[in-house]
Amino acid sequence: MHKLLYVCLDGLGDDPIPELDGRTPLEAAETPNLDALASRGRTGTVITAGPGIAPESDIGVFGILGYDPHEEHPGRGVLEALGIGMDFRDGDLAYRINFATADWPDIVDRRAGRNLTSEEAHALAAEVNETLQLDGASFDLRATIEHRGALVLRSTSGRPLSSSVTNTDPAYRREGYIGIALETFEPRVVTCEPLDATDEARQAADLTNSFVQGSAKVLDASDVNVARREAGKLPANLILTRDAGDHRPRLQPIGERFGLSWGCFVEMPVERGIALALGMEPVSASRLDEAGFGSAAEDAYAAWASLAPDALDAFQALYVHIKGPDVPAHDGRAEDKRDVISAIDRAFFGEVLERIDLRRTLVAVTGDHATSCLRRAHTADPVPLLVSGGGVTPDGSRSFGERSCADGSLGELLGPQILPRLVDLAAS
């Protein structure tokens with residue numbers, strides 16, 4: 001039985017960029033280690049969540065880990081809440097939230113200029129928790145990393161709340177329990193509406209609207225935002241809600257489904273929530289989200305690589321999720337995305353390939369979704385996939401890139417099809 005090292009590079013895929021001579025950031029990056037893996041293995045592409053769907057990371061990850069997000073996903077809000085240890089029970093309502101900037105009702109920036117520090121966000125959340133009161137409900141607002149956070153609403157009457165409500169974040173559309181990223185949207189705060197005629201959904205929508213409106217008044221007057229305005233920064237004076245869930249996940253553990261014991265390196269709350277929901281064991285490692293870019297990030301990538309052999313000794317499979325490529329793509333920074341991918345190849349793959357035995361280890365690399373630097377959004381485009389080591393017979397692939405992988409022998413797979421194939425290859 002071979003060990004399995006399964007790496008997801010968040011937001012990996014992209015469009016050809018004119019400034020990169022018509023290449024994608026991945027194609028333009030210096031990736032000798034990924035190219036070497038491709039040349040000794042097989043390549044293909046992946047539609048992670050379904051044709052025509054521009055997935056959020058959570059549903060893309062569900063897909064590539066062998067779970068159908070349309071049937072088994074509990075809602076991103078639930079995963080975010082579980083990932084940071086919030087008290088969440090069946091009948092509560094959990095949201096993923098963004099601190100944003102509004103000139104009410106217009107949205108100036110969905111991420112408050114993307115320069116809100118985690119310390120500022122935690123202070124804002126504490127102020128809302130201490131100041132705002134809702135009729136008929138209690139709530140817990142938690143900031144996580146930079147502009148991101150989670151919100152849990154609970155009815156004080158004991159009546160359960162329903163997640164059958166719309167988002168107030170216009171950039172995402174609800175389809176069942178999953179969120180679909182929209183390439184274009186009107187930048188205005190959306191009123192939360194019930195999606196069915198139940199009292200539980202109506203109360204959930206009313207409470208959500210009360211929270212969004214009430215918290216905006218608290219945030220607008222906050223000393224944190226006074227200081228941000230004085231410094232010429234956008235205030236974080238709005239909370240956008242999306243992807244509600246109302247029950248704890250009850251999923252078949254990944255070890256039972258695929259017959260392997262799993263460890264994982266994850267850095268964002270939603271990824272930790274997924275790991276916990278699927279029965280993976282998070283391995284203690286340095287936080288990549290705190291490393292930023294440059295040498296600190298490369299040191300963090302190398303630190304993860306140095307831990308991988310011990311993790312593979314302790315588990316049969318190791319899932320590694322690296323956020324890096326996604327962030328600059330949302331800002332349209334194609335050269336930075338190229339450089340992040342080069343750094344990951346050099347510092348993570350360069351280190352890890354020196355520390356593991358490819359004769360005993362199957363290595364798979366893909367993404368959870370494509371993030372276009374041109375469109376500054378997640379897209380429905382396929383992402384590249386490589387499978388190498390562990391006795392895999394090469395198919396003649398020469399490099400790891402969107403167009404080269406499209407010609408590989410693995411063809412185009414759906415996300416839930418990947419892991420069963422990897423398990424079969426690991427067992428061979």
Side-chain angles (χ1 to χ4, degrees), residues 56 58-59 62 68-98 100 102 104-105 107 125 128-142 149-180 182 185-186 188-219 238-251 270 273 277:
E56 294 187 61
D58 52 310
I59 66 172
F62 255 66
D68 185 343
H70 302 276
E71 301 293 333
E72 302 180 275
H73 197 279
R76 178 159 186 170
V78 172
L79 297 171
E80 297 271 358
L82 294 178
I84 55 173
M86 296 180 76
D87 180 16
F88 176 79
R89 314 167 195 172
D90 288 354
D92 293 346
L93 189 67
Y95 285 109
R96 157 67 194 269
I97 68 97
N98 270 23
W104 196 277
I107 298 172
V128 172
N129 285 325
E130 293 167 2
T131 305
L132 181 63
Q133 293 186 336
L134 297 178
D135 290 335
S138 62
F139 70 89
D140 185 11
L141 173 67
R142 299 277 187 94
L151 170 68
V152 173
L153 293 163
R154 178 176 297 148
S155 172
T156 53
S157 69
R159 174 183 293 174
L161 300 174
S162 170
S163 62
S164 294
V165 293
T166 60
N167 298 332
T168 63
D169 187 337
Y172 295 89
R173 182 181 73 250
R174 285 288 302 276
E175 287 190 9
Y177 280 103
I178 68 174
I180 307 298
L182 303 176
F185 57 89
E186 185 178 1
R188 293 173 67 87
V189 181
V190 181
T191 300
C192 183
E193 300 286 352
L195 292 171
D196 59 43
T198 63
D199 290 341
E200 292 82 359
R202 282 194 291 265
Q203 185 184 18
D206 289 343
L207 288 172
T208 301
N209 290 324
S210 295
F211 175 84
V212 170
Q213 294 162 16
S215 62
K217 295 176 182 178
V218 175
L219 294 172
L238 171 67
I239 291 173
L240 295 172
T241 63
R242 74 178 196 255
D243 302 340
D246 57 20
H247 64 275
R248 295 181 68 89
R250 296 171 180 83
L251 299 166
V270 68

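Atom-to-atom distance recorded for Asp246:CG and Asp90:CG is 8.0 Å, nearest 0.5 angstrom. Atom CG of Asn167 sits about 13.0 Å away from atom CD1 of Ile97, to the nearest 0.5 Å. To the nearest 0.5 Å, the span separating CD on Gln203 from CZ on Arg159 amounts to 6.0 Å. With rounding to the nearest 0.5 Å, the separation of CZ in Arg188 from CH2 in Trp104 is 10.5 Å. Here CD of Glu175 is found 4.5 Å from CD1 of Ile180. Values are rounded to the nearest 0.5 Å.
A pairwise comparison of heavy atoms in Pro69 and Ile178 identifies O-CG2, 3.4 Å as the closest pair. When all heavy atoms are compared, the tightest approach of Val165 to Pro194 is CG1-CA, 4.2 Å. Considering every non-hydrogen atom in both Ala277 and Pro249, the closest pair reads CB-CG, 3.9 Å. Of all heavy-atom pairs between Arg248 and Arg250, the closest is O-NH1, 3.1 Å. For the residue pair Leu93 and Ser162, the shortest heavy atom distance occurs at CD1-O, 3.6 Å. When every heavy atom of Glu72 is checked against every heavy atom of Leu251, the shortest pair comes out as O-CD2, 3.3 Å.
A donor-acceptor pair under 3.5 Å is absent between the side-chain atoms of Asn209 and the main chain of Thr191, judged by distance alone. With hydrogens and angles disregarded, a donor-acceptor distance shorter than 3.5 Å links the side chain of Asp169 to the backbone of Ala171. One N or O on the side chain of Thr156 and one on the backbone of Gly136 form a donor-acceptor pair closer than 3.5 Å.
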Query raised in the report: Where do Arg76 and Asp243 land on the salt bridge (charged side-chain N to carboxylate O under 4.0 Å, His left out) test, with the steps shown first?
Result: CA-CA 5 Å; Arg76 178 159 186 170; Asp243 302 340; 5.3 Å; no
Query raised in the report: After noting the C-alpha distance and the side-chain angles of Arg242 and Glu56, does the key distance pass the salt bridge (charged side-chain N to carboxylate O under 4.0 Å, His left out) rule?
Result: CA-CA 11 Å; Arg242 74 178 196 255; Glu56 294 187 61; 3.1 Å; yes
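One finds a salt bridge joining Arg154 and Asp87 here, because a Lys/Arg side-chain nitrogen approaches an Asp/Glu carboxylate oxygen to under 4.0 Å.
The side-chain contact (heavy atoms from CB on, under 4.5 Å) test with Glu80 singles out one residue from Val152, Leu151, Val270, and that residue is Val270.
With contacts defined as side-chain heavy-atom distances shorter than 4.5 Å, the pair Arg174/Thr166 does not qualify. With a 4.5 Å cut-off on side-chain heavy atoms, Phe62 and Leu79 count as touching. When side chains are defined from C-beta on, Leu153 counts as touching Leu161, because their heavy atoms get closer than 4.5 Å. Counting heavy atoms from C-beta outward, Pro170 and Ile107 have side chains that approach closer than 4.5 Å. Residues Leu207 and Phe139 are not in side-chain contact: their nearest non-hydrogen atoms beyond the backbone lie 4.5 Å or more apart. Within the 4.5 Å cutoff, no side-chain heavy atoms of Val78 are placed close to those of Ser163. For the pair Leu132 and Leu141, the minimum side-chain heavy-atom distance is 4.5 Å or more.
Screening residues 156-176 for ring pair (Phe, Tyr, Trp, His ring centres under 6.0 Å), with sequence neighbours left out, gives no hits.
In this structure, a donor-acceptor pair under 3.5 Å is present between the side chains of Thr208 and Tyr95. Under the 3.5 Å distance criterion, with hydrogens and angles disregarded, a donor-acceptor pair is assigned to the side chains of Thr241 and Thr168.
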Residues 212-219, side-chain donor-acceptor partners within the protein, below 3.5 Å, at least two apart:
{"residue": "Ser215", "atom": "OG", "partner": "Phe211", "partner atom": "O", "Å": "2.7"}
{"residue": "Ser215", "atom": "OG", "partner": "Val212", "partner atom": "O", "Å": "3.2"}

